[in-house]
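This report refers to the structure that appears directly beneath it.
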Amino acid sequence: MRRFTRKQNIFTNKDALNESYQPERIQERDEEIDAYMNALQPVVDGWEPNNIFVYGNTGVGKTAVTDFLLDRLREDIEQYDDIDLHVLTLNCKTLNSSYQVAIELVNELRPEGAEISSTGYPQQTIFKKLYTELDKLGGTVLIVLDEIDSIGTRDELLYELPRARSNDKLTETKVGLIGVSNDFKFRDRLDPRVQDTLCERELHFPPYDAPELQNILESRVDVALAEGSLEDSVPRLCAALAAKDSGSARQALDLLRLAGEHAENSDDDVITESHVEAAKEMLEQERVEEGMRELTVNGHFALLAVVSMAARGDTPCRTRRIYEEYTDLCQFAGVDPLAQRSVHNHLSDLRMLGILTAEENRSGSRGNYYSYALDVPFSSALSALSDVLSLEETLTKLETRAQQNDVA
């Protein structure tokens, strides 16, 4: 058995390729930073802060820019004696209601040992406790709710908190909300009154294009990689692959980091395009497997139906045809099928997870409809399904059918 030894032929600072790394300068987001700073300006001027809604796909810089600017804001206001700023940041991924968010905020503000229970209180009681804790702070408080869409339609806090001062529930504190979301449709699902308040300032972060991603990667290469450890074409390839898929800087950085790890583990001194291709396959497999963990059994069968259609070369295809395939597969496996509307929701979830693509078709008076297809390699989807479904015979037949139809 080999011993542990330090490897430094590829990486000098691998952390510079991680999502958590904060560079000295944010690349390729000058316009968004300028708009964001304008939205935060009332804090510096001593006025009530704006409520800001920041949205865009995963990995396009929303959270990075938010963290960067709030750090800068805290530094810059130190020169003003009449401003007392507090920033509370909460990730709402595991919170699905205003009640749960309010409890987390109360416990964040209270000293250790004085936290309240997560159950047993009326919602308005929790809100009152939150107002009490906020008034104890005084000054200006910015509350950042990352993945705010997890709250769903139970958005009472998003309506009440920005209005708390005008409704005399806060007297010593000025509160501003910053909501960050990957879900473009979340805004439209909000109560119209919440929209008017939370979306006082809206900031959209578009996907990066290939040249922008290449610039981001090259700015990290100097910090992360040893001199001479990279083929010149590698950042361009990583950027092109990420731009084609999602426009995500996170994906581009993951590709470069995994390619470097693959080269390192192979005892190669230089990262090449072949290492990038291996990293791409690994990421695609991980994306499908991660998505599968968030699905129910019927979600798995909805994906299996699309895989089955893809094996015959029949994708993109409409929900109605996928549903027919889905019910046949459920019947074969002895699983009770859902209604077509529920399967449509599963297909939408698979689209959000990046496993399926959906093409909108306009058919005049008959309305619009979506056609779905795999957005990951057929082999990756099939491999992930084989880990969660005990249908070896069916999956083997699909693989054989795909090979006959030359489906990648």
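- By the 4.5 Å heavy-atom criterion applied to side chains, Leu347 and Thr319 are counted as neighbours.
- Residues Asp314 and Cys317 come closest through the heavy atom pair O-CB, 3.4 Å.
- Nearest approach of Ala249 to Leu213, heavy atoms of both residues: CA-CD2, 3.5 Å.
- By the 4.0 Å N-to-carboxylate-O rule, Glu133 lies too far from Lys129 to be salt-bridged with it.
- Formation of a donor-acceptor pair under 3.5 Å by the Gln100 side chain with backbone atoms of Asn96 is found in this model.
- Checked by atom type and distance alone, the side chain of Ser229 never pairs as donor or acceptor with a backbone atom of Leu225 at under 3.5 Å.
- Using a distance-only test at 3.5 Å, with no hydrogens or angles considered, a donor-acceptor pair links the side chain of Asn107 to the main chain of Ile116.
- Not a single donor-acceptor pair under 3.5 Å links the side chain of Glu218 to the backbone N or O of Asn215.
- Between Asp84 and Thr140, the closest side-chain pair of non-hydrogen atoms is not below 4.5 Å.
- Put simply, the side chain of Asn50 never gets that close to the backbone of Pro42: no donor and acceptor are under 3.5 Å apart.
- At distances below 3.5 Å, not a single donor-acceptor pair connects side-chain atoms of Ser380 with backbone N or O atoms of Glu284.
- In this structure, Arg189 CZ and Gln195 CD are separated by 11.0 Å, a value rounded to the nearest 0.5 Å.
- A donor and an acceptor atom, one from each side chain of Lys62 and Asn57, are nowhere located under 3.5 Å apart.
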Derivation of the side chain to side chain contact (heavy atoms under 4.5 Å, CB included) call for Ile355 and Val306: CA-CA 11 Å; Ile355 297 173; Val306 179; over 6 Å; no

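- Contact annotation: the side chain of Arg250 approaches that of Ser248 to within less than 4.5 Å [non-hydrogen atoms, C-beta and beyond].
- A donor-acceptor pair is defined here as one N or O able to donate and one able to accept, closer than 3.5 Å; such a pair exists between the side chain of Thr173 and the backbone of Gly138.
- Between the Thr327 side chain and the Tyr323 main chain, a donor and an acceptor come within less than 3.5 Å of each other.
- Heavy-atom minimum distance, Gly228 versus Val270: O-CG2, 3.6 Å.
- With contacts defined as side-chain heavy-atom distances shorter than 4.5 Å, the pair Leu338/Tyr326 qualifies.
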Side chain to side chain contact (heavy atoms under 4.5 Å, CB included) evaluation trace for Val101 with Leu157: CA-CA 8 Å; Val101 171; Leu157 184 67; 3.7 Å; yes

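- Counting non-hydrogen atoms of neighbouring residues, nucleotides and ligands closer than 6.0 angstrom, the CD atom of Glu227 reaches no more than 12 such neighbours.
- The environment of Gln41 atom CD is dense: over 12 non-hydrogen atoms of other residues, nucleotides or ligands sit within 6.0 angstrom.
- Rounding to the nearest 0.5 Å places CD1 of Ile83 at 8.0 Å from CG of Leu73.
- Rounded to the nearest 0.5 angstrom, Leu105 CG and Leu95 CG are separated by 9.0 Å.
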Residues Val175, Ile143; criterion side chain to side chain contact (heavy atoms under 4.5 Å, CB included); working and verdict: CA-CA 7 Å; Val175 173; Ile143 299 176; 4.1 Å; yes

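- Within the cation-pi definition used here (under 6.0 Å to the ring centroid, within 45° of the axis), Lys14 qualifies as a partner of Phe11.
- Ring pair Phe53/Tyr55 is parallel by interplanar angle, where below 30° counts as parallel and above 60° as perpendicular.
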Derivation and outcome, side chain to side chain contact (heavy atoms under 4.5 Å, CB included), residues Leu40 and Ile52: CA-CA 9 Å; Leu40 291 169; Ile52 305 169; 3.9 Å; yes

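- Taking the side chain as every heavy atom from C-beta outward, Val106 and Arg110 approach each other to under 4.5 Å.
- Between the NE2 atom in His344 and the CZ atom in Arg320 there is a gap of 14.5 Å [rounded to 0.5 Å].
- In terms of heavy-atom proximity, Ala240 sits nearest to Ala210 at CA-CB, 4.3 Å.
- Side-chain atoms of Gln251 and Ser246 form a donor-acceptor pair, as typed in the model, at a separation below 3.5 Å.
- Under the 4.0 Å criterion applied to side-chain N and carboxylate O atoms, Arg220 and Asp15 are not assigned as salt-bridge partners.
- Side-chain atoms of Glu200 come within 3.5 Å of backbone N or O of Asn51 as a donor-acceptor pair.
- The two residues Gln22 and Phe68 come nearest to each other via the heavy atoms NE2-N, 4.5 Å.
- With a 6.0 Å radius and a threshold of 12 heavy atoms from other residues, nucleotides or ligands, Glu108 has its CD atom at or below the threshold.
- For the atom pair OG1 (Thr119) and CD1 (Ile126), the distance works out to 9.5 Å, reported to the nearest 0.5 Å.
- In this structure, OG1 on Thr63 lies 7.5 Å from CD on Glu147, to the nearest 0.5 angstrom.
- When the side-chain contact (heavy atoms from CB on, under 4.5 Å) test is applied to Arg74, the partners found at least two apart in sequence or on another chain are Leu70, Asp71, Leu85, Val87.
- Among residues at least two apart or in separate chains, salt bridge (charged side-chain N to carboxylate O under 4.0 Å, His left out) pairs with a member in residues 25-50 are Arg25-Asp30, Arg29-Glu32, Glu48-Arg165.
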Evaluation steps, salt bridge (Lys or Arg N to Asp or Glu O under 4.0 Å), between Asp245 and Arg287: CA-CA 12 Å; Asp245 185 9; Arg287 180 169 65 180; 2.9 Å; yes

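- When side chains are defined from C-beta on, Ile10 does not count as touching Leu230, because their heavy atoms never get closer than 4.5 Å.
- Between Thr66 and Tyr36, the side chains place a donor N or O and an acceptor N or O closer than 3.5 Å (distance only, hydrogens not considered).
- Between Asp268 and His275, the closest heavy-atom pair is OD2-NE2, 2.9 Å.
- Side-chain contact between Val141 and Leu134: present, with at least one pair of heavy atoms (C-beta onward) separated by less than 4.5 Å.
- No more than 12 heavy atoms of other residues, nucleotides or ligands sit less than 6.0 Å from atom CD of Glu281.
- Looking only at distances, a side-chain donor or acceptor of Ser181 sits under 3.5 Å from a matching main-chain atom of Asp183.
- Taking 4.5 Å as the limit, some side-chain heavy atom of Ser98 sits within range of a side-chain heavy atom of Phe127.
- Taking a cutoff of 4.0 Å between a charged side-chain nitrogen and a carboxylate oxygen, Arg321 and Glu325 do not qualify as a salt bridge.
- In summary, Glu264 and Lys7 do not engage in a salt bridge, as defined by a charged side-chain N under 4.0 Å from a carboxylate O.
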